[in-house]
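Shown next, in structure tokens, is the structure this report addresses.
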Amino acid sequence: MANANDKVNQKAAAAAGATRAAATGAAGAAADADFVKEITPKNVDYSQWYVDVVRKAELADYAPVKGCMVIRPAGYALWENYQAGMDRRFKATGVQNAYFPLLIPESFFKKEAEHVEGFAPEVAWVTHGGGEELTEKLAIRPTSETIICSMYAKWIKSYRDLPVLINQWCSVLRWEKATRPFIRTTEFLWQEGHTAHRTPEEAEERTQMMLEIYRDFVESDLAIPVIPGRKSPQEKFAGAVHTYSIEALMSDGRALQSATSHNLGDHFAKVFDIQYLDSDGSLKYVHQTSWGATTRLIGAMIMVHGDDRGLVIPPKVAPTQAVIVPIMSKDRETVLSKARELRRRLAEAGFLVHLDDRDEYTPGWKFNEWEMRGIPVRIELGPRDVKSEQVVLVRRDNGKKEFAGMAGLEDTLRATLDDIQSSLYLKAKRFMEEHTKTVRTLDEIKATVEGERGFMVTGWCGDDECEDKIQETGATIRNIPFGQPAPGDVPACACCGKPGKYLIYCARAY
RNA sequence: CGGGGCGUGGCGCAGGCUGGUAGCGCGCUUGGUUUGGGACCAAGAGGUCGGAGGUUCGAAUCCUCUCGCCCCGACCA
């Protein structure tokens, strides 16, 4: 890593002198390498690029404990915006927030057989407290179904108590073997929604409703296109009847499960004895759902939109939407007071705007710095602009510069941010489409996984053995997308060649 | 958990083979000149070389163990 990085930087530094003179003021993607230091280019080492972006943009840093990371203010501000975007949508459907304990008694955890089996390998246990060994060890929650179900059993008595729609924002712990910042860490932040319903139909409706909320949030706010669908039985949540997911495609061609929604049926209700008296006088088990999204979505945003200059944040979730960089060469006070006035104006208009009036850095340094941090729009304001009542607007997504009149700047900025938001989505969507191909055989899957990667669309007979064979190629069935073709139009199974039962999306996944 | 790579001031690295008590660039501090794409000059501060043992008169360097990070695979959000 170090050697590759070093060589690249030397090369970039050498090239810089030659090209910098030629690249006058006009910014462009072609000039990328000249200005980027400290970030390994994507095509040299993608993983290193990712880690470099995380650290240089100060989103996170490694913590003293293996697999754990510190989410720094720049990263946490993103998460707060994600939370706001999702929380608002959850509440609009009647969901309320609550908080359940971190520690779960072993006996609770063991009740649902499939659930234990699925999570056992990655659970951390508390065995001592107050200097003494505990009589029953306590699991640090890897997910909260069990503790929440135990409470639902106490709270739910009548059909009039239903539905119960509760969500909690918290962190969970899963002892992972290989970790990467945001994508997979030992402890991670998430939300987990847990609902209880009167009928299976109502539970199923909620399961799909929540997946649709995730799809809407991820596509609208994070500008990441996704494939919504159902997980294969092998890939579903441990203890669920079935699981739905939204799958996104990262810019290295690997898929990332971005959120999941589970129909738990009455599996947990039966082992936790969550029964209600229905209007017909009979005792019935509730039907449940759970659904979650995590800080992994930050990793998705980095990998979908980021480039060799660093982070690119979609305006809708950007903690800072525009940064004003004053050029204070001469007439310092005039420029600065104009910049302050501009900041106030834009803030009053509702924009998240920052004025970088630090004296110790040159404008050029600030340009690079804010690009690395992914701020959607830069507003340059110099003596010439003050005279002509204008500013220079520079877009992070494509580097384009334009002059904008000081009057009506609010409208221009609004339109620019909107355009960046939709451009990012369209660009990602185009990438996903260009990296989605139809395959017919295992060999084709294998070749694709080892080659250009991306999504592979094919048919599947539904047998576990065939899914296992797909997994041996390094790819997995990401999901069975909604909107399946008519039974006769499903392609043949890529493994056994028998008539396909499902159209599936496969990919090498994170 | 297997295979590979790397741990040396805040960051990136050199030194290691051939042991002699640590150096470079960036950053940081102070002063000055600068400011439209990572400015310049001068003077400074900062390191028990990841950790623990061992070999040796002497260890960043050699040996053993250990911890961490990164990459590639198997499992997961």
Side-chain angles (χ1 to χ4, degrees), chain A residues 1-10 12-13 16 19-21 23-28 31-32 34-38 40 45-48 50-52 55-56 61-69 118-119 121-122 142-143 172 174-186 188-192 231 235 237-238 243 245-247 256-260 262 291-297 299-300 309 325-332 335 358-372 378 380-385 391-392 394 399 401 471-472 474 476 508-510:
Chain A
M1 134 228 155
N3 285 338
N5 197 1
D6 194 42
K7 265 176 214 149
V8 166
N9 284 342
Q10 281 174 3
T19 21
R20 196 166 288 162
T24 46
D32 263 359
D34 302 353
F35 306 116
V36 183
K37 297 171 182 169
E38 302 160 341
T40 306
D45 183 341
Y46 193 85
S47 294
Q48 193 58 46
Y50 177 80
V51 172
D52 287 348
R55 299 194 71 168
K56 295 302 172 184
D61 201 354
Y62 293 103
V65 177
K66 181 181 165 67
C68 293
M69 64 169 178
F119 279 100
E122 46 193 41
T143 181
V172 289
R174 297 181 187 177
W175 216 261
E176 298 287 353
K177 288 167 186 166
T179 59
R180 313 186 69 198
F182 294 112
I183 298 302
R184 180 175 302 105
T185 47
T186 301
F188 57 92
L189 301 182
W190 78 343
Q191 60 66 217
E192 47 178 326
K231 286 299 216 184
E235 296 268 334
F237 178 77
T243 289
S245 74
I246 50 173
E247 302 285 331
L256 187 80
Q257 177 171 301
S258 304
T260 49
H262 318 290
W291 25 276
T294 77
T295 35
R296 170 178 261 196
L297 285 173
R309 294 183 176 209
V325 178
I327 288 96
M328 302 184 280
S329 52
K330 31 199 175 292
D331 223 354
R332 184 192 150 80
V335 171
R358 289 176 295 178
D359 220 14
E360 61 271 31
Y361 294 107
T362 61
W365 192 93
K366 292 176 184 176
F367 296 169
N368 287 287
E369 175 75 2
W370 293 113
E371 280 170 9
M372 193 165 74
R378 175 173 78 242
E380 299 174 20
L381 181 69
R384 296 204 296 271
D385 303 311
V391 298
V392 180
V394 187
K401 290 187 176 189
Q471 282 183 16
E472 284 166 18
T476 47
R508 174 87 191 284
Y510 273 99

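Every chain is numbered from 1 and lettered A, B, ... according to where its sequence line falls, protein lines coming before strand lines. Here the structure is a predicted model, which means the values were calculated and not measured.
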Side chain of R184(A) (C-beta onward), nearest among C1(B), C76(B), C70(B): C76(B)
Using the P atom as the point on both nucleotides, what is the distance between A22(B) and G50(B), in whole Å? 15 Å
Across all strands, who's sitting opposite G16(B) as a Watson-Crick or G-U wobble pair, both distances under 3.5 Å? none
Should the side chain of R378(A) and the base of G37(B) be counted as holding a donor-acceptor pair, with the cut-off at 3.5 Å? yes
Can you tell if the side chain of T295(A) reaches within under 4.5 Å of the side chain of W190(A), non-hydrogen atoms only? no
Looking only at side chains, do D45(A) and T40(A) share a donor and an acceptor under 3.5 Å apart? no
Would you classify V392(A) as touching base, sugar-phosphate or nothing, given that sugar-phosphate means primed atoms plus P, OP1 and OP2, and contacts are heavy atoms under 4.0 Å? base
Let's see if you can work this out: which of G38(B), C75(B), G36(B) has an atom nearest to the side-chain heavy atoms of E176(A)? C75(B)
Scan every strand shown for a Watson-Crick or G-U wobble partner of A45(B), both distances under 3.5 Å, and answer none if you come up empty. none
Is C75(B) paired to anything, Watson-Crick or G-U wobble with both distances less than 3.5 Å, and if yes, which nucleotide? none
Students often get this wrong, so: under 4.0 angstrom with heavy atoms, is G382(A) touching a base, only sugar-phosphate, or nothing? base
Locate the shortest heavy-atom distance separating R508(A) from G474(A); write the atom from each residue and the value. CD-O, 3.3 Å
Base partner of C69(B), which must satisfy Watson-Crick or wobble distances under 3.5 Å: G5(B)
The side chain of M372(A) is closest to which nucleotide in this list: C72(B), G37(B), G38(B)? G38(B)
Closest to the I327(A) side chain: C70(B), A39(B), U35(B)? U35(B)
Does the structure show a Watson-Crick or G-U wobble partner for G25(B), both distances under 3.5 Å? Name it, or say none. C11(B)
Looking only at side-chain atoms of Y62(A), point me to the closest of C70(B), C71(B), C76(B). C70(B)
When you measure from the side chain of R508(A), which nucleotide among C71(B), G73(B), G37(B) comes out closest? G73(B)
Watson-Crick/G-U partner (both atom distances under 3.5 Å) of A52(B): U64(B)
For the side chain of R174(A), counting heavy atoms from C-beta on, which of C76(B), A74(B), G36(B) is nearest? C76(B)
